[in-house]
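Here the structure is laid out as structure tokens; the discussion comes afterwards.
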Amino acid sequence: MLNNNCPVDKFYICSCFCTDNIFLENYKLHVRYVSEEQFKWDYKKILGSIGCTTVTQFDVVLQKVRAEVERRKSLSVKSEERTAYIQKHYIPLYPHVYHLQEEYLAPEFIQIVQYSLSNSATLDGLLKLIQSETAARVYRFPVFTNEFCHKLIEELEHFEESDTPKGRPNTMNNYGILLNELGFDDTFISPLRERYLSPVASLLYPDCGGKCLDSHKAFVVKYAMNEDLDLSYHYDNAEVTLNVSLGKEFTEGNLYFGDMRQQQNPQMALSQCALTVHSATLMMLQVPLSETECTEVEHRVAEGLLHRGQQMHGALPISSGLRWNLIIWMRSSQERNRLCPMCNKKPTLVEGDGFADGFTKGDVPGERALCVLH
């Protein structure tokens, strides 16, 4: 059963948000920036080995990194401004899609959730209702109806075509929408996480925060010709991730999954996945699927793929059409308060808005550690 007594805390970000995991698209590299001296020491040789060979090229990289650091420092204020403007000026095409209704959910998903909430629920029993992918602990199941996916995409495209300001989801996705700014958090994403996804995750991922997913970050990303086609090998700032393909019509673009980030062998990663571990930060270069031990997983419209956030993964290029994906990074303060998943250190807390990055102050009391009980 679901325990609704999990206290609502003030959430924080880790200070590493402004310095770590800055993605350089042209070099498929994640970097850390504290100072120019540190950046040159850590990355000049690495960048030079992958095509950044001139002073001008390095200066361009440095300029982009500094700009991203400044963007992150002002992100909270800018997001508040965008949210206020959207609430005041944007007129939704379909206001009803902002409020989660059970009729939007696939009947199979409702059955999965009902089983997960039952007193007799077990992992083995749940695995009979969902599809286990070849990739370790990656699961597939229907989430939404096709009709709802169609309506949601129409709403997203209506917003995208409006003149309201828009914030990008992260440094790796150039095209997408932050759903909290659009107004989906309280009436759609939170109840979806609390009532439907948490019971399932508590059975599938009790060892990595699945029993107490108390916050999230939700966004949609768009893949289209002449825009973002793929997504480089990476891990999420999440304990558990749900990735739902909303549509529309597209070919190719499957996902691929590797090992858990902590299990990556640096020497194997260098030779097989073109990964480099440097300055206690995992930095990812181009990852040719043919040279990795990754497993390819098909993405189907209206179905979700549920996986551990720290599992390395990426998306292959679409070859035609257009695809929208709904991504929900679900977070457990119980887990991340011990160790920030992005800098691998005890988090240094900084004020944030809303769910921020899911950190809370103080230790998690025992009664809160079991937010989903059976």
Side-chain angles (χ1 to χ4, degrees), residues 78-113 140-170 173-198 200 215-225 227-228 241-250 253 299-306 318 321-330 353-355:
K78 295 294 185 183
S79 180
E80 284 185 5
E81 291 174 352
R82 287 193 300 267
T83 301
Y85 187 94
I86 291 168
Q87 290 177 349
K88 184 176 181 180
H89 298 283
Y90 176 66
I91 301 176
L93 180 65
Y94 297 123
H96 65 276
V97 302
Y98 290 75
H99 301 267
L100 181 64
Q101 304 293 327
E102 201 154 274
E103 65 191 59
Y104 302 161
L105 304 177
E108 300 93 331
F109 181 45
I110 295 174
Q111 180 186 6
I112 290 166
V113 174
R140 175 198 305 278
F141 46 84
V143 177
F144 300 118
T145 65
N146 285 309
E147 180 183 1
F148 173 75
C149 289
H150 179 73
K151 291 290 186 184
L152 181 57
I153 287 177
E154 286 189 334
E155 176 61 38
L156 296 171
E157 291 182 336
H158 179 67
F159 175 72
E160 191 180 46
E161 293 166 1
S162 72
D163 59 1
T164 52
K166 302 164 185 71
R168 59 176 173 160
N170 50 66
N173 294 108
N174 297 304
Y175 300 90
I177 298 169
L178 291 162
L179 293 182
N180 65 310
E181 294 184 1
L182 192 49
F184 276 89
D185 249 12
D186 292 342
T187 56
F188 192 101
I189 302 298
S190 284
L192 180 63
R193 168 176 54 83
E194 293 168 357
R195 301 174 194 169
Y196 297 93
L197 295 172
S198 286
V200 178
S215 69
H216 63 260
K217 176 179 179 178
F219 52 94
V220 290
V221 295
K222 186 178 72 166
Y223 299 93
M225 310 310 293
E227 295 183 3
D228 286 342
T241 294
L242 177 70
N243 185 331
V244 182
S245 176
L246 300 174
K248 303 163 92 172
E249 297 291 333
F250 58 90
H299 222 358
R300 303 171 191 158
V301 174
E303 293 185 347
L305 292 171
L306 196 69
I318 61 169
L322 184 153
R323 184 174 79 192
W324 286 92
N325 283 54
L326 167 64
I327 313 294
I328 306 178
W329 288 352
M330 293 178 281
D353 293 321
F355 288 126

Original post:
When rounded to the nearest 0.5 angstrom, what distance separates OG1 in T164 from OH in Y85?
Top reply: 7.5 Å
**OP:** Output yes when a side-chain donor or acceptor of K222 lies under 3.5 Å from a complementary backbone atom of V220, and no otherwise.
**Re:** no
Subject >> Donor + acceptor pair across side chains of E154, H150 (<3.5 Å) >> reply: yes
Subject >> L242 side, atom CG; R193 side, atom CZ - distance, nearest 0.5 Å >> reply: 12.5 Å
**OP:** Check whether any side-chain heavy atom of F250 sits under 4.5 Å from a side-chain heavy atom of V301, and report yes or no.
**Re:** yes
Original post:
With under 30° as parallel and over 60° as perpendicular, where do the rings of Y98 and F184 fit, or are they tilted in between?
Top reply: parallel
Original post:
Say you draw a straight line from CZ of R82 to CD of E181; how long is it, rounded to the nearest 0.5 Å?
Top reply: 4.0 Å
**OP:** Using a 4.5 Å cut-off on heavy atoms from C-beta on, say whether the side chain of I318 contacts that of M225.
**Re:** yes
Which pairs of donor and acceptor atoms, one on a side chain in residues 99-113, lie under 3.5 Å apart (sequence neighbours left out)?
unit_1, atom_1, unit_2, atom_2, d
E102, OE1, Y196, OH, 2.7
Y104, OH, H96, O, 2.8

Subject >> pair L156-L182: side-chain heavy atoms closer than 4.5 Å >> reply: yes
Subject >> Interatomic distance, L326 atom CG to I153 atom CD1 [nearest 0.5 angstrom] >> reply: 10.5 Å
Subject >> Donor-acceptor pair between H299 and N243 side chains, under 3.5 angstrom >> reply: yes
**OP:** For side chain to side chain contact (heavy atoms under 4.5 Å, CB included), just list the numbers for S190 and F355, CA-CA rounded to whole Å, side-chain angles, deciding distance to a tenth of an Å, and then say yes or no.
**Re:** CA-CA 11 Å; S190 284; F355 288 126; 3.8 Å; yes
**OP:** Please assess L178 against K217 for the test side chain to side chain contact (heavy atoms under 4.5 Å, CB included), listing each intermediate value before the final yes or no.
**Re:** CA-CA 8 Å; L178 291 162; K217 176 179 179 178; 3.8 Å; yes
Original post:
Yes or no on side chain to side chain contact (heavy atoms under 4.5 Å, CB included) for H216 and L179, after CA distance, side-chain angles and deciding distance?
Top reply: CA-CA 11 Å; H216 63 260; L179 293 182; over 6 Å; no
